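One structure is given below, encoded as structure tokens.
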There are 2 protein chains.
Amino acid sequence: MTLTLYSMPSSGNSYKIRLMFGFLGLEYKHIGLEYETPELAEAHATGALPMGKLPVLVLDDGTPLPESNAILCFLAEGTPWMPRDPLDRARVLGWMFFEQNRHETVIAVRAGIQKYASRAHLATPERLAELLEAGHSVLQVMENHLAEQDWFVGDGPTVADVALYAYTHTAGPYGGFEMERFPSINNWLARVALLPGYVGLEELPE
Amino acid sequence: MTLTLYSMPSSGNSYKIRLMFGFLGLEYKHIGLEYETPELAEAHATGALPMGKLPVLVLDDGTPLPESNAILCFLAEGTPWMPRDPLDRARVLGWMFFEQNRHETVIAVRAGIQKYASRAHLATPERLAELLEAGHSVLQVMENHLAEQDWFVGDGPTVADVALYAYTHTAGPYGGFEMERFPSINNWLARVALLPGYVGLEELPE
């Protein structure tokens, strides 16, 4: 099966999938579409992005699958990255919904409104302060959990770790969050980066 | 198995689970904890809410399972509400991540900041206008999809429909969104409300 990934090089949601491919040791075709480029506008116009966002995984029959965390689950099914136990599966999904609802919407958003010209009007002092406080609160939930265990669910890494790693590992430099307050998170970030097959955010397939 | 649900009567995320129990025809114990009450503060203080939010499903051995959409998947596994086909499963999850990332954070938030006293300071004209526009854009993604098919994934209702129904069916009256612009969504809302076992937002178990 030849899998094609439409991904945004600078985006954590897209990076998740490139990281998962690395950990799984799978080959894939990579089509990079950067934010605020004509190529991305054209992909929108031609209907290549069914729910209007990147990343999108395209199966070999042309079927597009959107939503980063759904793609992670699809790729991980049947591997150690997705537990078989029903309760552990639900826990993995729980952390992934937490990531999309409470984490990405704060941690990634605070970075994004400072980075992209088209969102700069959102970066008011009030909004930045509100996102800083909310982000520290979300990171504290992760810190409390990781103080008790090495990985989010069970005894080894799962897609929950992949999903949460993407925007957490840049929360300090890009988002301005005070990561020195979260030692257990920092230890977990280091553990993830040592796993076989790890690729960095900026290591794009050719 | 006796399942206990900690749920917030006024919250769509909690309502999802009560609706799922209705559709599955399952009995459960309901513990209502309303927003801004001493009872909710006590549940936080005693550690009953592992990730700091409602709803939480408690299994008969006392294991708590947080995150509304993860609870839906846990309850639906092995029933027609969660497809067996890997691609359809990923599509269901995709709509559920969309719901937590792009829908609940806009549709529910616009309702919430107008409803709850502790969030009233967030209801500035600028924020309300921004959320209105973002919400209409999110609803348009749903409208385009439902113009083509009766249910979000496949030929019948799944947990994706349950997840999206909760905050969509109150988006007009509570959120102030212009639902007359979305006829396919309105037809789908009517289909969900006619399913056997349906319970309304305010129909709480005794």
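This is a predicted model, so every value here is computed, not measured. Every chain is numbered from 1, with letters handed out A, B, ... down the list of sequences.
- Contacts with chain A were tallied for B/Pro86, B/Ala90, B/Gly78; B/Ala90 has the most, counting heavy-atom pairs under 4.5 Å.
- The stretch residues 39-73 of chain B places B/Met51, B/Lys53, B/Leu59, B/Thr63, B/Leu65, B/Glu67, B/Asn69, B/Ala70, B/Cys73 near chain A, each with some heavy atom under 4.5 Å from a heavy atom of that chain.
- Interface residues of residues 91-124 of chain B toward chain A, defined by a heavy-atom distance below 4.5 Å and sorted by number: B/Arg91, B/Leu93, B/Gly94, B/Trp95, B/Met96, B/Phe97, B/Phe98, B/Gln100, B/Asn101, B/Arg102, B/Glu104, B/Thr105, B/Leu122.
- Taking each heavy atom of B/Tyr167 and B/Gly12 in turn, the nearest pair found is OH-N, 3.2 Å.
- Scanning all heavy atoms of the two residues, the minimum distance from A/Arg18 to A/Ser7 falls at NH1-OG, 3.0 Å.
- A/Asp85 and A/Asp88 get closest at one heavy-atom pair: OD2-N, 2.9 Å.
- Counting non-hydrogen atoms of neighbouring residues, nucleotides and ligands closer than 6.0 angstrom, the CD atom of B/Glu36 exceeds 12 such neighbours.
- Counting heavy-atom neighbours within 6.0 Å of B/Glu27 CD, excluding the residue itself, gives a total of 12 or less.
- Around CD of A/Glu133, the count of heavy atoms belonging to other residues, nucleotides or ligands within 6.0 Å does not exceed 12.
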A/Trp188 vs A/Asp161, side chain to side chain donor-acceptor pair (under 3.5 Å): CA-CA, chis, key distance, verdict: CA-CA 9 Å; A/Trp188 164 78; A/Asp161 298 280; 2.8 Å; yes
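- Between A/Tyr198 and A/Phe23, the ring planes lie tilted relative to each other; the angle falls in the 30° to 60° range.
- Looking at B/Glu130, only its side chain comes within 4.5 Å of chain A, counting heavy atoms on both sides.
- B/Gly135 and B/Phe177 get closest at one heavy-atom pair: CA-CE2, 3.6 Å.
- The aromatic rings of A/Tyr28 and A/Phe21 sit parallel to each other, their planes meeting at less than 30°, with 60° as the upper class boundary.
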